[in-house]
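One-based numbering along the sequence shown.
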Amino acid sequence: MDTLDEKQRKQRKIKKTGAIITGVVIILIVAIQIAMLALGMYETMAPFGVIVLSLLVPILLVVGIVYVLEERIKEIEGGEEDEASKY
């Protein structure tokens, strides 16, 4: 029989795994978008400034996703995974 602590640990592991999988899937989708955008701009010989500005937004999106994922994992490890449900 699982103790309460073991059940909580399993729940946290499931939540952490779900957050990581979701983050990785979104990052992969954005990475594909970045690659297709870069290839399209390379093919059309777009000016360098346009390429940088066009790729900046999805790259910053990936950085934001990584940051939020790290924060979510800290919340789960700290036992704050259901804080929003209190409100």
Side-chain angles (χ1 to χ4, degrees):
M1 189 56 96
D2 290 337
T3 65
L4 185 60
D5 189 43
E6 289 175 16
K7 287 182 182 181
Q8 288 176 341
R9 203 174 13 241
K10 285 181 184 179
Q11 285 287 329
R12 286 182 181 161
K13 185 175 182 180
I14 290 170
K15 289 179 181 184
K16 194 185 324 183
T17 303
I20 291 171
I21 290 172
T22 303
V24 167
V25 167
I26 293 172
I27 288 171
L28 285 175
I29 291 169
V30 174
I32 291 169
Q33 176 189 6
I34 291 170
M36 292 178 72
L37 186 61
L39 180 64
M41 296 225 178
Y42 176 75
E43 293 286 326
T44 61
M45 299 300 290
F48 182 73
V50 172
I51 293 173
V52 170
L53 289 176
S54 297
L55 295 177
L56 188 63
V57 172
I59 290 171
L60 290 176
L61 181 65
V62 169
V63 170
I65 292 168
V66 170
Y67 173 76
V68 169
L69 182 59
E70 288 177 354
E71 291 298 313
R72 177 70 179 139
I73 290 172
K74 288 178 187 176
E75 286 177 2
I76 293 171
E77 289 174 348
E80 302 172 11
E81 62 266 12
D82 291 326
E83 288 296 310
S85 65
K86 292 180 182 178
Y87 300 103

Handout entry: I27: side-chain contact (heavy atoms from CB on, under 4.5 Å) partners, not counting sequence neighbours
Key = V62, I65, V66
Handout entry: Residues which pass side-chain contact (heavy atoms from CB on, under 4.5 Å) with V63, listed by chain and number, not counting sequence neighbours
Key =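 Partners of V63 by the side-chain contact (heavy atoms from CB on, under 4.5 Å) criterion come out as none, since no residue qualifies.
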Problem - E6 side chain reached by R9 side chain, heavy atoms, under 4.5 Å - result: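 A side-chain contact under 4.5 Å exists here.
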Exercise for the section: Name all pairs fulfilling the side-chain hydrogen bond (donor to acceptor under 3.5 Å, both in side chains) condition that reach into residues 16-32, sequence neighbours left out, sorted by first residue then second. Expected result: K16-E77
Practice task
Please round to the nearest 0.5 Å and tell me the distance separating atom CD1 of I76 and atom CZ of R72.
Solution key: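 Here the rounded value is 4.0 Å.
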Please go through [X]'s hydrophobic cluster and name the other residues, only I, L, V, M, F, W, Y counting, with side-chain heavy atoms under 4.5 Å joining them.
| X | answer |
| --- | --- |
| V68 | Y67 |
| I20 | V24, L28, L69, I73 |
| M36 | I32 |
| L39 | none |

Handout entry: Shared hydrophobic cluster for I29 and I21 (ILVMFWY, side-chain gaps under 4.5 Å)
Key =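 The answer is yes; both residues are in one hydrophobic cluster.
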Listing, residues 44-60 side-chain donor-acceptor contacts under 3.5 Å, not counting sequence neighbours, or none:
{"from": "T44", "atom 1": "OG1", "to": "G40", "atom 2": "O", "distance (Å)": "3.1"}
{"from": "T44", "atom 1": "OG1", "to": "M41", "atom 2": "O", "distance (Å)": "3.3"}
{"from": "S54", "atom 1": "OG", "to": "V50", "atom 2": "O", "distance (Å)": "2.8"}

Exercise for the section: Could you pull out all residues at least two apart from E70 that satisfy salt bridge (charged side-chain N to carboxylate O under 4.0 Å, His left out)? Expected result: none
Practice task
Keeping to residues at least two apart or across chains, list the salt bridge (charged side-chain N to carboxylate O under 4.0 Å, His left out) pairs with something in residues 23-44.
Solution key: none
